[in-house]
2 protein chains.
Amino acid sequence: LQAAAEVIAEVGWGRVTTRAVAARAKLPHGAVSYHFRGKQDLLTEAALHSFEQAFPISEFESLETLPELVALFETWLGEHGSVDPVVAPVGMEAMFESGRDPQLRERLAETLPRYRVVLTGIVESAQQRGSATTAASPAAIATLMAALGDGLFLQARIDPRLDSAGALDALRALLTG
Amino acid sequence: LQAAAEVIAEVGWGRVTTRAVAARAKLPHGAVSYHFRGKQDLLTEAALHSFEQAFPISEFESLETLPELVALFETWLGEHGSVDPVVAPVGMEAMFESGRDPQLRERLAETLPRYRVVLTGIVESAQQRGSATTAASPAAIATLMAALGDGLFLQARIDPRLDSAGALDALRALLTG
């Protein structure tokens with residue numbers, strides 16, 4: 001799956017072949033086509049694997065406060081952050097490709113709410129402790145934060161001068177009310 | 001360019017051929033290859049055209065208040081909104097493809113800040129009128145809003161149950177402080 005992610009990152013989703021993935025993984029082509037039902041299946045699994053690797057839900061689940069959460073966003077967005085330069089773009093690109101691929105969309109549509117649920121819990125307890133604004137519901141703030149994270153990630157790839165840190169500071173300021 | 005965008009939307013960036021675009025546009029293949037320096041050039045122009053069509057900067061520039069701005073986001077995100085089902089995904093997909101295509105990235109990197117500049121102006125005057133929080137700088141809030149818009153757009157494509165309206169309500173609440 002790592003080999004598949006590397007090939008996707010290099011050539012783009014539509015240009016991947018199982019043959020290229022097998023070559024990258026130093027496996028015979030037959031081993032790859034035996035293990036996956038086809039190219040689409042391989043791409044789906046590689047994408048979900050990449051997404052989970054880039055944005056591990058366990059890291060989310062270990063957080064307790066909003067500042068910790070924003071700091072994790074910062075790490076993920078940071079140039080020298082913990083995000084693998086291969087898996088993160090592939091995980092994000094999968095989100096796009098899913099517009100054309102119902103199987104992939106269904107799998108991703110199951111994944112995204114898991115992040116929002118964790119985020120919602122963190123916002124909720126921050127509100128209860130009085131350390132976050134109650135101007136909006138925990139679920140709405142969580143949806144906002146998840147989308148903001150994706151959007152910053154997307155835009156920072158294009159424009160390296162994007163002030164993601166400034167935007168996250170603004171988020172922090174808005175959340176504390 | 002519209003034909004190119006349609007083909008990109010259908011088959012995905014990496015699978016587009018100038019031949020397929022010519023067929024869709026009902027033009028001889030020679031006319032397409034004469035007009036553009038190559039497939040990459042055609043894709044870049046089609047993507048930028050789509051991006052501008054989907055998110056016209058002139059609509060941004062005609063706005064004066066933050067509630068109007070959030071309402072425009074709502075229109076763009078709405079299922080029955082004004083966004084063309086072809087051009088919007090292509091414009092967004094271009095953002096991805098730009099990771100692999102320096103020419104495209106450069107062009108997009110020139111485009112994105114234009115939106116942020118307009119957004120910054122709107123936030124700034126809202127702050128001056130006292131109708132927006134001054135907890136963060138206009139530029140930081142504008143960066144946050146632009147990224148949030150992209151992120152919601154991206155996630156709503158995958159998960160139709162995403163509560164974009166709720167997230168925008170939260171944004172409105174956070175911005176008014």
Side-chain angles (χ1 to χ4, degrees), chain A residues 9-16 89 92-93 95-101 104-105 108-113 116 133 135-137 139-177, chain B residues 9-16 89 92-93 95-101 104-105 108-113 116 133 135-137 139-177:
Chain A
E10 262 179 42
V11 302
W13 199 273
R15 302 178 193 107
V16 174
M92 292 288 283
E93 188 160 17
M95 297 181 73
F96 263 95
E97 189 61 21
S98 68
R100 272 183 298 272
D101 180 339
L104 178 59
R105 188 174 63 207
L108 276 173
E110 287 161 13
T111 301
L112 295 181
R116 285 203 299 272
T133 174
S137 75
I141 294 177
T143 303
L144 181 152
M145 290 182 72
L148 174 66
D150 276 355
L152 284 176
F153 204 89
L154 186 65
Q155 295 193 356
R157 275 191 78 203
I158 291 172
D159 184 356
R161 293 157 310 170
L162 185 84
D163 186 14
S164 314
L168 290 178
D169 282 341
L171 174 66
R172 226 181 253 119
L174 296 180
L175 286 179
T176 50
Chain B
E10 262 178 42
V11 303
W13 199 274
R15 303 180 192 104
V16 174
M92 292 287 282
E93 188 160 15
M95 297 182 72
F96 262 95
E97 189 61 21
S98 68
R100 272 184 298 272
D101 181 339
L104 178 59
R105 186 174 63 207
L108 275 174
E110 287 160 12
T111 301
L112 295 181
R116 285 202 299 272
T133 174
S137 75
I141 294 177
T143 303
L144 181 153
M145 291 181 72
L148 174 66
D150 276 354
L152 284 177
F153 203 90
L154 185 65
Q155 296 194 356
R157 274 191 78 203
I158 292 172
D159 184 356
R161 294 158 310 170
L162 185 83
D163 186 15
S164 313
L168 290 177
D169 282 341
L171 174 66
R172 226 181 253 117
L174 295 180
L175 286 178
T176 49

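Residue numbers begin at 1 in each chain, while the letters A, B, ... track the order of the sequences.
Residue A:V16: no heavy atom, backbone or side chain, is found under 4.5 Å from chain B. Proximity to chain B is limited to the side chain of A:R116, based on heavy atoms less than 4.5 angstrom apart. Looking at A:D169, there are no atoms closer than 4.5 Å to chain B (heavy atoms on both sides), in backbone or side chain. Neither the backbone nor the side chain of B:E110 comes within less than 4.5 Å of any heavy atom in chain A.
Of the inter-residue distances, the one linking B:D159 atom CG with A:L112 atom CG reads 6.5 Å to the nearest 0.5 angstrom. We find the CG-CG distance between A:L171 and B:L174 to be 8.0 Å, quoted to the nearest 0.5 Å.
Listed by first then second residue, pairs satisfying side chain to side chain donor-acceptor pair (under 3.5 Å) with a partner in residues 145-156 of chain A read A:D150-B:Q155, A:Q155-B:D150, not counting sequence neighbours.
Listed options B:R161, B:E10, B:R15 were ranked by heavy-atom pairs under 4.5 angstrom with chain A; first place goes to B:R15. Between chain A and the options B:L108, B:V11, B:T133, B:D163, heavy-atom pairs under 4.5 Å are most frequent for B:V11.
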Pairs of donor and acceptor atoms involving the side chains of residues 139-149 of chain B, under 3.5 Å and at least two apart or interchain, shall be tabulated with distances.
from, atom 1, to, atom 2, distance (Å)
B:T143, OG1, B:A139, O, 2.9

